[in-house]
Q: 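My questions will all concern the structure given below.
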Number of protein chains: 2
Amino acid sequence: MLQVSRKFEYGLHAVTYLATKGLGRVVTVKEMADEMGFSQEFLSKAMQSLKRAGIAASVQGVKGGYRLGKAPEEITVADIAIAIEGEPHLVRCGVKADRCEIFSSCHHRGYMNILQHKIQALLDETTIHTLLKEIER
Amino acid sequence: MLQVSRKFEYGLHAVTYLATKGLGRVVTVKEMADEMGFSQEFLSKAMQSLKRAGIAASVQGVKGGYRLGKAPEEITVADIAIAIEGEPHLVRCGVKADRCEIFSSCHHRGYMNILQHKIQALLDETTIHTLLKEIER
DNA sequence: TTAAATAGGACTATTTTAAACCTATTACCC
DNA sequence: GGGTAATAGGTTTAAAATAGTCCTATTTAA
């Protein structure tokens with residue numbers, strides 16, 4: 001419970017990599033995967049998700065690769081999480097047709113939703129910029 | 001990512017059930033499972049976890065069942081989560097021998113740990129008592 | 001002594017996550 | 001133009017986690 005996925009971890013590492021070692025150039029998935037010891041194919045999926053969300057930008061073809069699509073100040077951890085994992089749902093209730101047996105009488109949905117928004121707010125208050133500053137120290 | 005398990009949901013429902021409809025008596029798993037439409041066997045596992053944590057108390061034998069093991073003011077959502085899911089680990093790093101390829105040079109562990117503690121604090125600040133008060137409104 | 005309950009180990013099924021595979025497309029460079 | 005190194009993305013497979021079932025033992029009221 002309450003654990004982030006590896007894909008998210010890969011994505012977060014990739015973003016900080018681009019923000020520190022990818023300045024003024026594009027970086028290949030191969031370079032990042034080698035450097036960080038990740039699966040190249042799998043990291044590639046994460047990069048594609050980040051690209052679709054505008055967090056990364058890509059250049060195709062030989063000499064291609066990725067760079068950040070926004071300034072580190074404008075990318076939050078929440079952005080990365082949503083890009084890779086989709087909108088968060090702490091509980092299943094109410095997602096599409098998924099309502100449990102006691103949906104109508106359920107007492108917790110309200111609380112769980114508030115909780116989810118608070119967690120989301122935590123992820124939202126850290127940008128890559130502030131994350132990197134903390135690391136420097 | 002970041003979704004609670006059904007076992008936790010079952011457990012939370014069971015605890016609020018005991019706190020509202022289980023006053024001055026013991027409640028069987030069968031009653032709760034029927035009332036809430038859950039699997040009796042599975043809810044039973046959750047109750048056993050809650051019992052081991054002291055959140056619920058049990059009476060064995062015919063006429064047996066469960067009641068709360070503490071006052072609703074003394075049970076937090078975090079207590080229930082830990083009883084059922086064990087200690088939370090937002091990331092896998094450092095749990096037992098599980099260190100990823102870049103453990104020694106990893107930049108995020110510190111941040112993720114802080115994040116985890118903040119989430120934990122959110123779960124810790126809601127007791128069953130306050131949860132029920134919110135529901136009443 | 002029977003029956004209704006919890007206790008808990010072992011197993012199975014389902015779902016999710018992680019990873020690999022494969023083909024297409026893009027664009028640099030010779 | 002052809003070869004090659006890269007992203008793009010769909011499909012499939014493998015592994016792990018979750019959810020649920022099954023079975024047996026123990027407890028205790030009647």
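In what follows, chains carry the letters A, B, and so on, assigned in the order in which the sequence lines appear, proteins first and then strands, with residues in each chain numbered from 1.
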Q: With a 4.0 Å limit, can you tell me whether B:Lys30 has a side-chain N or O closer than that to the phosphate oxygens OP1/OP2 of C:dA5?
A: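 Checking C:dA5 against B:Lys30, no side-chain N or O comes under 4.0 Å of OP1 or OP2.
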Q: Quick one: side-chain contact (heavy atoms from CB on, under 4.5 Å) partners of A:Thr126, sequence neighbours excluded?
A: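 A:Val77, A:Thr130, A:Leu131, B:Tyr111.
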Q: Rounded to the nearest Å, what distance is computed from the CZ atom of residue B:Arg25 to the C1' atom of nucleotide C:dA5?
A: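 The distance from CZ of B:Arg25 to C1' of C:dA5 comes to 15 Å, rounded to the nearest Å.
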Q: Given A:Leu12, which of A:Ile80, A:Val4, A:Ile84 fulfils the side-chain contact (heavy atoms from CB on, under 4.5 Å) condition?
A: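 Exactly one option meets the side-chain contact (heavy atoms from CB on, under 4.5 Å) with A:Leu12, and it is A:Ile80.
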Q: Under 3.5 Å, which donor-acceptor pairs do the side chains of residues 28-37 of chain A form with other protein atoms, sequence neighbours left out?
A:
unit_1: A:Thr28; atom_1: OG1; unit_2: A:Glu31; atom_2: N; d: 3.0
unit_1: A:Lys30; atom_1: NZ; unit_2: A:Asp34; atom_2: OD2; d: 3.0
unit_1: A:Glu31; atom_1: OE1; unit_2: A:Arg25; atom_2: NH1; d: 3.1
unit_1: A:Glu31; atom_1: OE2; unit_2: A:Tyr17; atom_2: OH; d: 2.6
unit_1: A:Glu31; atom_1: OE2; unit_2: A:Arg25; atom_2: NH2; d: 2.8

Q: Grab the CD-P distance between B:Gln3 and C:dT17 for me, whole Å please.
A: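 Answer to the nearest Å: 8 Å.
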Q: Strictly below 4.0 Å: does B:Ser58 bring a side-chain N or O up to OP1 or OP2 of C:dA7?
A: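 Answer yes for this pair, as a side-chain N or O of B:Ser58 is under 4.0 Å from OP1 or OP2.
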Q: Nearest whole Å is fine: how far is D:dA19 P from B:Arg6 CZ?
A: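 These atoms are roughly 7 Å apart.
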Q: Ignoring hydrogens and angles, tell me if any N or O in the side chain of A:Glu73 forms a donor-acceptor pair with the backbone of A:His129 under 3.5 Å.
A: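 Between the backbone of A:His129 and the side chain of A:Glu73 there is no qualifying donor-acceptor contact (under 3.5 Å).
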Q: Which nucleotide, D:dT7, C:dA7, D:dG9, lies nearest any side-chain atom of A:Val29?
A: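 Closest nucleotide among those given: D:dT7.
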Q: Distances for protein N/O vs nucleotides 27-30 of chain C N/O pairs under 3.5 angstrom?
A:
none

Q: Could you state the CD1-P distance from A:Ile84 to C:dA19, rounded to the nearest angstrom?
A: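 To the nearest whole Å, that distance equals 13 Å.
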Q: Can a side chain N or O of B:Arg92 be found less than 4.0 Å away from OP1 or OP2 on D:dA17?
A: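 So the side chain of B:Arg92 is outside the cut-off, no N or O lying under 4.0 Å from OP1 or OP2 of D:dA17.
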Q: Indicate the ring-plane relationship of A:Phe38 and A:Tyr10, choosing parallel, tilted or perpendicular according to the 30° and 60° boundaries.
A: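 Parallel, since the angle between the ring planes stays under 30°.
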Q: Please report, rounded to the nearest Å, how far the P atom of C:dA7 is from the OH atom of B:Tyr66.
A: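 Taking atom P of C:dA7 as the reference, OH of B:Tyr66 is at 4 Å.
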Q: Taking OP1 and OP2 of D:dG9, is either one under 4.0 Å from a side-chain nitrogen or oxygen of A:Arg52?
A: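 Checking D:dG9 against A:Arg52, a side-chain N or O does come within under 4.0 Å of OP1 or OP2.
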Q: Going by the rule side-chain contact (heavy atoms from CB on, under 4.5 Å), which residues pair with B:Asn113 if we only count those two or more places apart in sequence or in a different chain?
A: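 Counting only residues at least two positions away or on another chain, B:Asn113 forms a side-chain contact (heavy atoms from CB on, under 4.5 Å) with B:Arg109.
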Q: Could you go through residues 42-58 of chain B and list every donor-acceptor pair under 3.5 Å that involves a side-chain atom there, pairing it with any protein atom two or more places apart or in another chain?
A:
unit_1: B:Ser44; atom_1: OG; unit_2: B:Gln48; atom_2: NE2; d: 3.4
unit_1: B:Ser49; atom_1: OG; unit_2: B:Lys45; atom_2: O; d: 3.3

Q: Report yes if at least one side-chain N or O of A:Thr28 is closer than 4.0 Å to OP1 or OP2 of D:dT7; otherwise report no.
A: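 No, A:Thr28 has no side-chain N/O under 4.0 Å of OP1/OP2 on D:dT7.
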Q: In this structure, how many angstroms lie between the P atom of C:dA5 and the CE atom of B:Met47, rounded?
A: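 Atom-to-atom, B:Met47 to C:dA5, this comes out as 15 Å.
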Q: Taking 4.0 angstrom as the limit, do A:Arg92 and B:Glu9 come out as a salt bridge?
A: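 The answer is yes: the pair qualifies as a salt bridge.
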Q: When rounded to the nearest 0.5 angstrom, what distance separates CG in B:Leu115 from CD1 in B:Ile119?
A: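 So the CG of B:Leu115 and the CD1 of B:Ile119 are separated by 4.5 Å.
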Q: Round to a whole Å and report the spacing from CG of B:Asp34 to P of C:dA5.
A: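 Whole-Å distance recorded here is 11 Å.
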Q: Indicate yes or no for a side-chain donor-acceptor contact from B:Gln120 to the backbone of B:Ala78 under 3.5 Å, with no hydrogens or angles considered.
A: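 Judged by distance alone, no pair lies under 3.5 Å.
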Q: Between B:Lys7 (NZ) and D:dA17 (C1'), how many Å, whole number?
A: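 In whole Å, D:dA17 C1' lies 12 Å from B:Lys7 NZ.
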Q: From C:dA7, C:dA18, D:dA8, pick the nucleotide closest to the side chain of A:Gln48?
A: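 Closest nucleotide to the A:Gln48 side chain: D:dA8.
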Q: So which protein nitrogen or oxygen atoms get under 3.5 Å of nucleotides 20-23 of chain C's nitrogens or oxygens?
A:
unit_1: C:dA20; atom_1: OP2; unit_2: A:Ser39; atom_2: OG; d: 3.2
unit_1: C:dC21; atom_1: N4; unit_2: A:Glu41; atom_2: OE1; d: 3.2

Q: Indicate whether OP1 or OP2 belonging to D:dG20 is found under 4.0 Å from a side-chain N or O atom of B:Tyr10.
A: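 Yes, such a contact exists.
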